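Note sheet for the following structure.
Treat the numbers as computed from the prediction; the structure is a model and nothing was measured. A note on names: the letters A, B, ... follow the listed sequences, proteins ahead of strands, and every chain is numbered from 1.
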Amino acid sequence: GAAKYRIYLITMDQMDQHWVNVDAGARKAVKELGNVNYRWLAPDVKDDAKQIECINNAIAGGADAILLAANGPTAVTSALREATAAGVKIIYVDSPADYPGEQTLATDNEAAGYKAGQELKKALVSKGITSGKLGIVNVNAATASVVQRENGFRAAFEGTSFTILETQYSEGDAARSKDIAANYITQGVVGIFGANEGCTVGTGNAIKEAGGKVIGIGFDKSNTILQLIKEGHLLATMAQNPDVMGYKGVKAAVAVLEGKDPGPEYVDTGVSVLTKDTL
Amino acid sequence: MGNIVELRKISKSFPGVKALDQVSFTLKAGEVLGLLGENGAGKSTLMKILSGVYTKDEGSMQILGKEVDHLTPLTAQKMGIAIINQELNLCDHLTVAQNIFLGRELLRNGTLNERKMNGEARKLLERFQIDIDPETPVGNLSVSKKQLVEIAKALSIEAKILIMDEPTSALTAKEIDNLFAIIKRLRAQGCGIVYISHRLEELQHIVDRVMILRDGKYITDMPFQETTLSEIIAYMVGREIKEKFPRVEAAVGEKIFEVKNLNAGRMVRNISFSLRKGEIVGIAGLMGAGRTETTRAIFGADPKESGQIFIDGEEVKINRPIDAIKAGLVLVPEDRGKDGLCTKLSVKDNIALPNLDILASKLGLVNRKQETELTETAVRNFEIKVADPETPADSLSGGNQQKVIVSKWLARNSRVVIFDEPTRGIDVASKVEIYNIMNDLKQKGIGVLFVSSELPEILGISDRILVMADGRITKELDVREATQDLILKYATQFEKKL
Amino acid sequence: MGNEKKQSKLKRIVAKRGMGQVITVTFGLVGLIIVFSFLNPFFLTSRNISNLLRQIAPTLLTGIGQSFVLITGNIDLSIGSVVGMSCMISATLMTKGVVPWVAVLITYLASLLMGLLNGKLISKAKLPAFIATLGTMTIARGIAQIVNNNYNTDSIGEAAEGFQQFFYYGKTLGLYNTIWITLVIWLIFNFLLSRTRTGRHLYAVGSNLHAAHLSGVNISSTITKAYLVSAFCATTVGLITTATSGMGTMDAGNGYELYAVAASVIGGVSTLGGQGILLGTVVGASIWGVLQNGLQFAGAPVAIRNIVIGIIVIITVLMDIFVRSNKRIGKAKTSADGNSSPALKHKL
Amino acid sequence: MGNEKKQSKLKRIVAKRGMGQVITVTFGLVGLIIVFSFLNPFFLTSRNISNLLRQIAPTLLTGIGQSFVLITGNIDLSIGSVVGMSCMISATLMTKGVVPWVAVLITYLASLLMGLLNGKLISKAKLPAFIATLGTMTIARGIAQIVNNNYNTDSIGEAAEGFQQFFYYGKTLGLYNTIWITLVIWLIFNFLLSRTRTGRHLYAVGSNLHAAHLSGVNISSTITKAYLVSAFCATTVGLITTATSGMGTMDAGNGYELYAVAASVIGGVSTLGGQGILLGTVVGASIWGVLQNGLQFAGAPVAIRNIVIGIIVIITVLMDIFVRSNKRIGKAKTSADGNSSPALKHKL
Ligand SMILES: Nc1ncnc2c1ncn2[C@@H]1O[C@H](COP(=O)(O)OP(=O)(O)OP(=O)(O)O)[C@@H](O)[C@H]1O
Ligand SMILES: Nc1ncnc2c1ncn2[C@@H]1O[C@H](COP(=O)(O)OP(=O)(O)OP(=O)(O)O)[C@@H](O)[C@H]1O
Ligand SMILES: [Mg+2]
Ligand SMILES: [Mg+2]
């Protein structure tokens, strides 16, 4: 049949449902196009060096294009330079690096974090709470996307009389996140932000247990999180659209390979604020 | 000639024991000093201080004319002090030559000169007529070969002071003769030698002077010519020992134990013998004859290929030690450190261990009152010198450790007791106690199998003697017809190799 | 005389299998609690205490299992992965509609198989424990990932409400169930270890395998039992994790095996085998938990927490060694002799 | 006679410190390569090979360090954290404008201090290696986090171009510099281990500490040297990581200590000490790398990769034990005696 393009999707790891959804979107596009040889490469754990190995492997594996969710903006740039030198086209999904790619399809994490902050602030104010302590349960300080979310969240509270406590890290482990959130509640916080799926689940569970006073808001969409929102333990979650990233990413890659215009340099795939009411 | 070593008022304590109490010691160039004493008298401790292994608590040392305060194994070595320790101290993974030169490797341009070390080691081994390839890993050698390596290693230093702490405990008669020749040669060269042994018969061949320690205290020293063995023993023990090999009579009754056609590997081949009520059966043989392997196979510690075992006429299936123990057969193993004791556990735990089937209920709950009773009885019966049964076993002296091992097996009613070298490294008085235990069992009608490499005790204690060579029983002798020469003849009856 | 006997009885208790260390670190624990209660007004609220106890539970449970294994002179690196595997198996089954209690049963069975594998690889196939459990650690994590086809599971749903209550959220007599579960498991295993024949055998195997073998101890079954206990405890933690999050997380339990070692060792269980008691593990796990909780309240960044925890692990063990050698020095001065220095005896 | 001697020479080489295992696993490696080259057309392309070699480098380097430590009968759990610490220290310094080569020097010094700490805690303070390095593992990770105030660093910038070329991106004579660096380090340490007095002492200490001590070997300095080598190798990997990413990552090196153990052990280095050669570590690291690379290309999900790798670790060691015990049976059948069964000797 048609000349096959070799496209690799490289994510941060293979553990999150988020990545699986990116992959699913990509597969959908691949199926539609019919002329793509597609493979998902993922390191076993989130690790810059391992992601770079994946990039190198993709180059060695004859890639025509790479869809990349960069661990961080800086780490992969040199490896990408080598990729470009080998004629590989780069499309960013989820998280771009500081290196020119053909297109970036991503959530604007900082904006999304800001949005989460504003939602929380709105909810607090509507309950008549205008000051107090807030907690952040984050994954770690090493992953750019979650750090950006946190920054956005913090920015939303600048100039208010809320104080944000020292961020606590759970590596995204739901059980550990729950412990951290429970400790925050003991400290008397009025609101908690969970920066990814695991953090959000832990936050929701801690609030569920402590009773309704504290308001929790989170990030990412999973069935468990939606459940917690429905039950009223979480105010909202910032749902991204990973399948769109994968789907449009593959399409853009093929467009580039076929010499066509893939469209704008940056595509915000957006977040939707999922609350009890919007579900 | 002047003293090359002068130790004055040396004291040394370990938790709970004063191992040495104001002991003074001298050694002259060109003499062989026999350092004697019961187990735990402090012989090894004194020599470890002289060789830098332990540091003294009090006292002063003058070595080769120099006042020395602090010694390490390395500085001691550099001063010309070589020691053959009581325990084997070799690296199993290294070859014989590498062990011999450990810490003093020969170099060429800063890198190891393996060829030269192998060559020198070969020469050394040949000089002392030790038949070992210097390039074999030590881990592949038998215990006696290891002991020879240990000796060769000590001799490879041009030592002015040579300490031998029970060097012959694992050697064959021929190897011992060889060692004595070496000792005489070194003495002639002006080397001062300290010789520690519980085999008092050996002394007459080499020793010039004896020094006796008891309970960490200096007792006396005198030229060997001016004393007798029984006087030495009296000094060691603090009393006289009437009989070195007490023998008791008992009526010989029916068969209580029988092994038929036992095979287990190369060293246990077609072994058949029986034990009767009222007799002690000894197994004699050279080192490596397969005696230990035979006892282990019987006991179920090693797998059997074929053979039957009968206790009181009934066949018992023994696949692992617990089967043997339940059938009434127990083994006091040869290697105390390796097989006998859980050193970190208390004396009480050790004694209770093989008896937990009695001490525990069906559900496995241990009856602690009964456990305490059992252990306290054992400690009393065997006169184990320990203040408190909760003390860790490794703080006991060798002889007392051996008693713990014996007592843990005799705390239960067994039909047959196998003793594998129960007196190795044990002082005369303790030996007699062990013999008495065996005699006692014999009189009670319990079968006793007694493995030993020391012919005098085999001849002195057993009623019937099995001689082994090359994994086979080559002869069965009644004690009345047996002599050392006869036993040796059958012990060297090797099969013709193809 | 009577007095002397009493004194020696006391000494005996202190000397017994690491009781000394337990006492030393208990002082440390009390010290930490005092410091944190000054630093933070919430620390001693009943809410925080009850929370704290529940946070200690997983470390203590895995610590119990690890202590059993350490006492036999081995190690279990697979604990964290077994936690993850149990979490995923139980949650996956529940999301597929299996009755929670059946799911729990199946999960225990699966993990016990992993424990059995560990035990047999080590005792029968004679693999070094470090290697065998490094292998099963990776395998169990792989299983955790594969069970639900490389996804964390969905919510285990309403049907599992009772399960979640039982393992985590519910309270009985004012105390969280998790704490009760931990207490019961501790009591059972403490009894097993200190009062039964198998308990004695575990110590004997750890102290001298050969001597134990010749004393009629079934080495293989004893070691296997230790690994089964470890797997059982890890599974319980896995189930608690599922109950906590209401879902299965493939990553769950990551690193728990090391916390378990830390808890055991801080509490006086020797990595060389033959020594330690479960009371120590309680203190060790508590120190660990109090540090985590207290440092969070104190607002210490993770970096500082890591450094503090690392230093505390080292210091407690150092302290123990120092105390022991001082006891010795009081009576005798030893230099480099083999018996007095643990490191000299130490193999890996 | 002459023939016999020659034969025994060959046998001797094979028997030598785990050479047998090296040969066995080399067959395994070749087998894997064959399988993967059938599964994947790109596997044997020069680009992939050169890539693969560069991917093996970090595992091999940390494996060299770990092998040194294992040979002395100890273990180094801090390797991964030292990688992270080195990565962060070097990158932070460079982002603060320090000349790259000075940053490299400072990084080596800092890590060697960590190695020194490990060595002294174990050899002087007599801490069990597992505990000491568990502590320093946490501390070093804390340092990695604190150096740049709990953030990954920014890009190390243009000024570090040369540094990045040197450690990772550049090529010399057609081979990546990383590979050259690894080769040189391997040659040096292989020489040290097999040809020098210190090397001999490392084996002696691991084989029988007490005997080595009595033979005048300086235990403390020997063990410390092993940890210094380990820290040196880990630092080099940390610098390679910095060069690779062009920035400092606090998480870098997470888990590498275990890969290093796996590489060493697969290659025949015994965790019981006294045994192993660095040639084995090369084969072990290669198997590890080939598996990772090959399975990834084969599209195996992480779950399967984990399971396969776990099984392979267990199987290679099992195979070695089997081969060795078979050899022995040829001579004499022994079962439960200390010499023949590693597990029976094994402490932790
Ligand atoms: N490392 C040690 N720790 C504790 N106690 C020890 C140690 N070494 C020796 N002892 C004790 O010191 C005393 C003297 O022991 P030593 O080994 O010197 O006796 P010995 O005369 O060599 O006995 P044997 O004939 O049994 O070898 C004994 O009570 C022994 O238990
Ligand atoms: N693990 C082993 N591998 C190879 N050969 C061995 C092993 N263990 C023992 N042997 C050999 O088996 C033979 C029998 O040893 P064993 O210790 O049973 O003899 P023994 O008659 O009891 O002598 P001893 O007086 O030393 O106890 C010896 O030649 C010994 O070298
Ligand atoms: Mg002695
Ligand atoms: Mg024997």
With a 4.5 angstrom heavy-atom cut-off, could you sort out which part of [X] is near chain A: side chain, backbone, both or neither?
| X | value |
| --- | --- |
| C/Asn293 | both |
| C/Tyr151 | side chain |
| C/Gln292 | neither |
| C/Thr153 | backbone |

Portion of [X] that has a non-hydrogen atom of chain C nearer than 4.5 angstrom:
| X | answer |
| --- | --- |
| A/Ser222 | neither |
| A/Ile185 | side chain |
| A/Gln227 | side chain |

Checklist outcome for this item: Max heavy-atom pairs within cutoff under 4.5 Å with chain A, candidates C/Arg305, C/Arg141, C/Arg54, goes to C/Arg54
Next on the checklist: Using a 4.5 angstrom heavy-atom cutoff, name the option from C/Ile240, C/Ile156, C/Thr244 with the most pairs to chain A.
Outcome noted: C/Thr244
[X] [atom1] to [Y] [atom2] distance, which is reported to the nearest 0.5 Å:
| X | Y | atom1 | atom2 | result |
| --- | --- | --- | --- | --- |
| A/Asn205 | C/Gln164 | CG | CD | 6.5 Å |
| C/Asn51 | A/Glu209 | CG | CD | 7.0 Å |
| C/Asn152 | A/His18 | CG | NE2 | 13.5 Å |
| C/Asn48 | A/Asn183 | CG | CG | 6.0 Å |

Checklist entry - Heavy-atom distance under 4.5 Å between the side chains of A/Val201 and C/Met247, does that happen here? => result yes
Would a distance-only check, ignoring hydrogens and angles, find a side-chain to backbone donor-acceptor pair under 3.5 Å from [X] to [Y]?
| X | Y | result |
| --- | --- | --- |
| C/Ser155 | A/Thr224 | no |
| C/Asp251 | A/Asp173 | no |
| A/Asp179 | C/Gln55 | no |

Item to check | Least distance between heavy atoms, C/Ser245 atom then A/Ala175 atom | outcome: OG-N, 3.8 Å
Checklist entry - A/Lys178 and C/Tyr168: side-chain hydrogen bond (donor to acceptor under 3.5 Å, both in side chains), yes or no, with the steps? => result CA-CA 11 Å; A/Lys178 199 250 134 207; C/Tyr168 193 78; 2.6 Å; yes
Next on the checklist: Does C/Lys171, at its NZ atom, have more than 12 non-hydrogen atoms belonging to other residues, nucleotides or ligands within less than 6.0 Å?
Outcome noted: yes
